[in-house]
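Keep in mind the model is a prediction, meaning the values are calculated, not measured.
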Amino acid sequence: MPQPRRTSAPPQRHPHADGAVSALDSHVGFWLRFVSNHVSAAFQARIEAEGVSVSEWVALRHLFDAPDAAPAALVAALGMTKGAVSKIVARLVAKGWAETVAHATDLRAHRIRLTRSGRELVPRLARLADRNDAAFFGPLPAASREELVRLMRELVRIHQLRHVPTD
């Protein structure tokens with residue numbers, strides 16, 4: 001029986017001088033992602049039961065605070081492409097939660113605003129977000145939750161992060 005041909009593998013490079021390789025769970029990013037994935041998945045399940053995607057929720061929540069938003073403002077707020085935002089707006093309009101209105105002075109431009117049912121939906125979805133947050137972070141003391149948020153905001157500031165998570 002012929003022996004398989006051997007090829008020489010490139011030498012392994014270790015990140016530490018002593019050759020030790022850090023454990024996967026020794027990284028802060030691992031734990032952030034681990035918790036974030038579970039928090040996000042639980043929230044996604046909660047709002048999908050209401051027929052809303054996470055990206056739709058983010059757009060609805062933005063429009064709740066910014067009535068008659070210009071599409072460009074929504075693109076900037078969501079950190080998504082114009083095409084992606086257009087698809088989200090089209091879904092919101094199709095579901096009766098938003099409408100597009102012609103601009104008062106520029107007939108080529110339009111604004112996006114929530115309909116009455118969209119405005120009524122947002123507080124209900126916000127309560128789901130609040131319950132999801134409480135389910136995951138409620139067991140921590142209030143001071144720990146506040147410190148966690150403070151640290152995350154500090155990292156956002158330091159790294160000048162801008163895009164709102166929508167997935």
Requested in this report: Examine distances only and state if a side-chain atom of Asp25 and a backbone atom of Phe30 form a donor-acceptor pair shorter than 3.5 Å.
Outcome: no
Query raised in the report: What is the distance from atom CD of Gln44 to atom CG of Asn132, rounded to the nearest 0.5 Å?
Result: 11.0 Å
Report task. Quick one: closest heavy-atom pair of Arg91 and Ser55, and the distance? Result -> NH2-OG, 3.4 Å
Query raised in the report: Which atom pair, heavy atoms only, marks the closest approach of Ala134 to Pro139?
Result: O-CD, 3.9 Å
Query raised in the report: For Leu24, does its backbone N or O pair with a side-chain atom of His27 as donor and acceptor, under 3.5 Å?
Result: yes
Requested in this report: Verify, without hydrogens or angle tests, whether Ser144 (side chain) and Leu140 (backbone) share a donor-acceptor contact under 3.5 angstrom.
Outcome: no
Requested in this report: Enter the distance from Leu114:CG to His62:NE2 here, rounded to the nearest 0.5 Å.
Outcome: 10.0 Å
Query raised in the report: If every non-hydrogen atom of Phe136 is compared with every non-hydrogen atom of Ala42, which pair is closest and at what distance?
Result: CE1-CB, 3.6 Å
Requested in this report: For Gly96 and Ser117, work out which heavy atoms get closest and say how close.
Outcome: O-OG, 2.8 Å
Query raised in the report: Does Val28 belong to the same Ile/Leu/Val/Met/Phe/Trp/Tyr cluster as Val35, with side-chain heavy atoms less than 4.5 Å apart forming each link?
Result: yes
Report task. Supply the atom-to-atom distance Leu121 CG to Trp97 CH2, rounded to the nearest 0.5 angstrom. Result -> 5.5 Å
**Report entry** side-chain contact (heavy atoms from CB on, under 4.5 Å) evaluation trace for Val149 with Arg153
**Finding:** CA-CA 6 Å; Val149 170; Arg153 287 181 184 207; 3.4 Å; yes
Query raised in the report: To the nearest 0.5 Å, what is the distance between OG1 (Thr115) and CZ (Arg119)?
Result: 9.5 Å
Requested in this report: Identify the residue among Val58, Val75, Ile88 that makes a side-chain contact (heavy atoms from CB on, under 4.5 Å) with Met80.
Outcome: Ile88
Query raised in the report: Rounded to the nearest 0.5 Å, how far apart are CG of Leu92 and CG of Leu60?
Result: 5.0 Å
Requested in this report: Please test Arg61 against Val122 for side-chain contact (heavy atoms from CB on, under 4.5 Å), starting from the C-alpha separation and ending with a verdict.
Outcome: CA-CA 6 Å; Arg61 188 61 189 84; Val122 171; 3.8 Å; yes
Query raised in the report: Which distance, rounded to the nearest 0.5 Å, do you find between the CZ of Phe137 and the CG of Leu148?
Result: 6.5 Å
Report summary line: Heavy-atom nearest pair, Trp57 first then Ala129, reads CZ2-CB, 4.5 Å
Query raised in the report: Val93 and Val101: same hydrophobic cluster, using ILVMFWY side-chain contacts below 4.5 Å?
Result: no
Query raised in the report: Hey, does the side chain of Ser86 reach the backbone of Lys82 with a donor-acceptor pair shorter than 3.5 angstrom?
Result: yes
Report task. Examine Leu78 and Leu63 and state if one hydrophobic cluster contains both, with Ile, Leu, Val, Met, Phe, Trp and Tyr joined whenever side-chain heavy atoms are less than 4.5 Å apart. Result -> yes
**Report entry** Polar side-chain atom of Lys95 near backbone of Val52 as donor-acceptor pair, under 3.5 Å
**Finding:** no
**Report entry** Leu155 with Val39, same ILVMFWY side-chain cluster at under 4.5 Å
**Finding:** yes
Requested in this report: Using modelled atom types only, decide if a donor and an acceptor are shared between the side chain of Glu56 and the backbone of Ser53 within a distance under 3.5 Å.
Outcome: yes
Query raised in the report: Looking only at atom types and distance, does a side-chain atom of Ser36 sit under 3.5 Å from a main-chain N or O of Arg33, one as donor and one as acceptor?
Result: no
Query raised in the report: Is atom CZ of Arg131 surrounded by more than 12 heavy atoms (other residues, nucleotides or ligands) closer than 6.0 Å?
Result: yes
Query raised in the report: Would Arg150 and Glu154 pass as an ion pair if we require N to O under 4.0 Å?
Result: no
Requested in this report: Decide side-chain contact (heavy atoms from CB on, under 4.5 Å) for Ile112 and Glu99; before the verdict, give the C-alpha distance in whole Å, the side-chain angles of both, and the deciding distance to 0.1 Å.
Outcome: CA-CA 6 Å; Ile112 306 158; Glu99 61 188 354; over 6 Å; no
Query - Main-chain N/O of Arg111 paired with Thr100 side-chain donor or acceptor, under 3.5 Å - result: no
